[in-house]
Amino acid sequence: MTPNAIVYTSNTGYTEQYAMLLGKATGLPVYTLAEAEAKLAPGNHILYLGWLMAGKVQGYGKAARRYHVEALCGVGMGATGSQLEDVRKTNRLPGTMPVFTLQGGFDLSRLRGVYRLMMTVMVKTAGKGLTEKQDRTPEEDDMLDMLLHGGSRVSGENLTAVLQWYGMKQENMR
Ligand SMILES: Cc1cc2nc3c(=O)[nH]c(=O)nc-3n(C[C@H](O)[C@H](O)[C@H](O)COP(=O)(O)O)c2cc1C
């Protein structure tokens, strides 16, 4: 089925930006998971986006219990299209579920509590590891830059594969 809404969970705003871009491109209504609980009846078919924490797509379990998740997007710090197998495994996704990863961003100042603590440690450990690495790939250079200086990698271009999938779904419905 073609999704009839976009539902998302965002902590610092990058996933929200992707959800809004997708809403604009598809014309579908966009809800946070909390809003959806009040406004979107169970059983609806949705495209779900959640930020990645230790490989888990935040809110996916809850969304999947209430809705038919037609495709899943995990927004993290890794490159768009990377970590797909890990995300599949960690979230125990059925093999038939279309999965996309999107590169969001990192801003330590927007994090609170335990998340801030975890990422402060991450900046120190992963940052040190990457700084000391001699033969960094361009992807690792970008990760190091994001860890040390923060920044957004949100772009419409990163949504190409998701929009292709959505276009195909629409074609199949004709
Ligand atoms: C505690 C914590 C764990 C994270 N784990 C991952 C991860 O496993 N993989 C990844 O790519 N990004 C990870 N990130 C980075 C976030 O997913 C990334 O900053 C994302 O853009 C946040 O989206 P949001 O602004 O919608 O909250 C982690 C961030 C935090 C705070």
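Along the sequence shown, residues are numbered consecutively beginning with 1. All heavy atoms count here, side chains included; hydrogens, waters and symmetry mates do not. Counting starts at 1 for both ligands and their atoms, following the listed order. Treat the numbers as computed from the prediction; the structure is a model and nothing was measured.
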### Message
If we count only N and O atoms by modelled type, under 3.5 Å, do the side chains of Thr9 and Tyr60 hold a donor and an acceptor together?
### Response
no

### Message
Under 3.5 Å, is there a donor on one side chain and an acceptor on the other for Asn158 and Tyr18?
### Response
yes

### Query
Between Ser10 and ligand 1, which residue portion shows a heavy-atom distance shorter than 4.0 Å: side chain, backbone, both, or neither?
both

### Query
What part of Gln83, side chain, backbone, both or neither, has a heavy atom within less than 4.0 angstrom of ligand 1?
side chain

### Message
Val7 and side chain to side chain contact (heavy atoms under 4.5 Å, CB included): which single residue from Leu33, Asn44, Val30, Leu47 fits?
### Response
Leu33

#### Entry: Arg153 and Asp145 ion-paired at < 4.0 Å
yes

#### Entry: Salt-bridge criterion met for Glu132 and Lys128 (N-O under 4.0 Å)
yes

In the protein, what heavy atom is nearest to [atom], and what distance, to one decimal place, separates them?
atom                    : value
atom 5 (N) of ligand 1  : Ala54 N, 3.0 Å
atom 15 (C) of ligand 1 : Met77 CG, 3.5 Å
atom 22 (C) of ligand 1 : Trp51 CB, 3.8 Å
atom 13 (C) of ligand 1 : Leu52 O, 3.2 Å
atom 3 (C) of ligand 1  : Met53 CG, 3.5 Å
atom 25 (O) of ligand 1 : Thr12 OG1, 2.4 Å

### Task
Find the distance between CG (Leu130) and CG (Leu148) and round it off to the nearest 0.5 Å.
8.5 Å

### Query
Given Ser152, Gly104, Gly105, which has its nearest heavy atom closest to atom 18 (C) of ligand 1?
Gly105

